[in-house]
J.: 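Before I ask anything, here is the structure I am working with.
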Amino acid sequence: MPELPEMETYRRLLSERIVGKPMTEIEINREKSINIPPSQFIQELQGNTITKIDRRAKHLIFQLSSGKSLLLHLMLGGWMYLGNDEDNPDRTKQVIVSFGNEKLYFIGLRLGYLHLYNTKELTSELSDLGPEPLDSTFTIEKFQEIFTERRGMIKTTLVNQEVIAGIGNCYSDEICFEVRIKPIRKFDELEPSEFNALFNGMKTVFHRAIEAGGYMDNPLYKNDHKTGGYNKICAVYDREGEPCKRCQTPIILETVSSRKTFYCPNCQN
DNA sequence: AGGGCAACCCGGACGC
DNA sequence: TGCGTCCGGGTTGCCC
């Protein structure tokens, strides 16, 4: 599912390909995916260029030349495709933005959305998010500050966007595996060494996942060999019954606060 | 504060 | 083949 590394991969690949190009045509197939009437949405976008693409947690922010922004959240199962009608994937496309002969298809937006906001609205929309895991200002001291008083399960806390932003179901498990800690452990019972390992492991896993291209089923464009590269190096997520990459013990699946949770029962403590 | 749960949505998987 | 049913997943909001 699209979490921080997937959105960062999209951000990087799209930045090279659509920034600076005028939006020539906008097609809305599902009004629920946007936040204002389609005619107004189209009018606001048409002729604009995307000046920059930013990422905040699992959101992408398309900065428009008008000064407004498009806030994208793919939620579950949402993805994008950049191409044309010849090679476009045969799926439900809720929104299509054309850049001349190249189109950006927003696909599988069920609970996902593409909302248009001014600066003030955008700030307000993102105001409840915790720190960015990979931000250089997010230090071990900050990490300690935030997590020391937490008593809940590690898994539950890591996926809480108000505590720290960008970690979802897949990477919370991947991070726990990396540092050999069971996701169901409680934060307040972690040894100081485990606490440090968790902080470093989080950064390591995210850097590795971004480098690999994230965990995605579909390419962003034709001959895209980057997107989804993490699928094959994924350690535990969606690998129930498969051997642990460290000790060969079958990975187990458990439900933790109504979420699928994968871990190695042998080498995670 | 933490935990549990329902609601949101609908493509896709599965069963018959 | 085709129809019906169910599930999943991030987020929000509500309850205990």
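Chain letters run A, B, ... following the sequence lines, proteins first and then strands; every chain starts at 1.
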J.: State which of B/dG2, C/dG10, B/dG3 makes the closest approach to the side chain of A/Met153.
T.: B/dG3
J.: Measure CG/A/Leu4 against P/C/dT11 and give the value in whole Å, please.
T.: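 That distance rounds to 12 Å.
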J.: How many whole angstroms separate atom CG of A/Asp238 from atom P of B/dA13?
T.: 13 Å
J.: Assign A/Tyr215 to base, sugar-phosphate, or nothing according to its heavy-atom contacts below 4.0 angstrom with the strands shown.
T.: nothing
J.: Check this for me, if you would: do A/Arg185 and A/Glu194 make a salt bridge, where the nitrogen-to-carboxylate-oxygen distance has to be below 4.0 angstrom?
T.: yes
J.: Rounded to whole Å, please give me the gap between CG in A/Leu109 and C1' in C/dT11.
T.: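 About 15 Å, once rounded to whole Å.
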J.: Given B/dG3, C/dG8, B/dG12, identify the nucleotide with an atom nearest to the side chain of A/Thr156.
T.: B/dG3
J.: Once you round it to whole Å, what is the distance between C1' of C/dG10 and OH of A/Tyr113?
T.: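 It works out to 10 Å between those atoms.
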J.: Check whether any side-chain N or O of A/Lys32 sits under 4.0 Å from OP1 or OP2 of B/dC9, and answer yes or no.
T.: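 For B/dC9, OP1 or OP2 has a side-chain N or O of A/Lys32 closer than 4.0 Å.
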J.: Determine whether a donor-acceptor pair (N or O, by modelled atom type, separation under 3.5 Å) exists between the side chain of A/Asn84 and the backbone of A/Asn101.
T.: no
J.: For A/Gly77, which contact category applies under a 4.0 Å heavy-atom criterion: base, sugar-phosphate, or nothing?
T.: nothing
J.: Would you say A/Gln161 reaches C/dT11's phosphate, i.e. side-chain N/O to OP1/OP2 under 4.0 Å?
T.: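 True: A/Gln161 side-chain N/O within range (under 4.0 Å) of C/dT11 OP1/OP2.
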J.: Using the side-chain heavy atoms of A/Arg151, tell me which of these nucleotides is nearest: B/dC10, B/dG2, C/dG10.
T.: B/dG2
J.: With a 3.5 Å distance limit and no angle check, can you tell me whether A/Glu174 reaches the backbone of A/Cys170 through a side-chain donor-acceptor pair?
T.: no
J.: Kindly point out which of B/dG11, B/dG2, C/dG10 is positioned nearest to the side chain of A/Thr92?
T.: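 Given the options B/dG11, B/dG2, C/dG10, the side chain of A/Thr92 is closest to B/dG11.
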J.: How close or far is atom C1' of C/dG10 from atom CE of A/Met7, stated in whole angstroms?
T.: 12 Å
J.: What integer distance in Å separates A/Gln94:CD from B/dG11:C1'?
T.: 10 Å
J.: So, A/Arg17 and A/Glu102, do they make that salt bridge, N to O below 4.0 Å?
T.: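 No, no charged N to carboxylate O under 4.0 Å.
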J.: Atom CE of A/Met75 to atom C1' of C/dT11: distance rounded to whole Å?
T.: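 After rounding, the reported distance stands at 5 Å.
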J.: Report yes if at least one side-chain N or O of A/His73 is closer than 4.0 Å to OP1 or OP2 of C/dG10; otherwise report no.
T.: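 No, because none of the side-chain N or O atoms of A/His73 sits under 4.0 Å from OP1 or OP2 of C/dG10.
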J.: Check whether any side-chain N or O of A/Arg150 sits under 4.0 Å from OP1 or OP2 of B/dG2, and answer yes or no.
T.: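 Yes, A/Arg150 has a side-chain N/O under 4.0 Å of OP1/OP2 on B/dG2.
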J.: Should A/Arg259 be listed as having a side-chain N or O under 4.0 Å from OP1 or OP2 of C/dG10?
T.: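 True: A/Arg259 side-chain N/O within range (under 4.0 Å) of C/dG10 OP1/OP2.
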J.: Give a yes or no on whether a salt bridge exists between A/Arg208 and A/Glu211, defined as a side-chain N under 4.0 angstrom from a carboxylate O.
T.: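 The answer is no: the pair does not qualify as a salt bridge.
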J.: If you compare every side-chain N and O of A/Arg110 against the phosphate oxygens of B/dG12 (OP1, OP2), does one of them come in below 4.0 Å?
T.: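 Result: no.
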J.: Provide, to the nearest angstrom, the distance between the NZ atom belonging to A/Lys155 and the P atom belonging to C/dG10.
T.: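 Those two atoms, NZ and P, are 8 Å apart.
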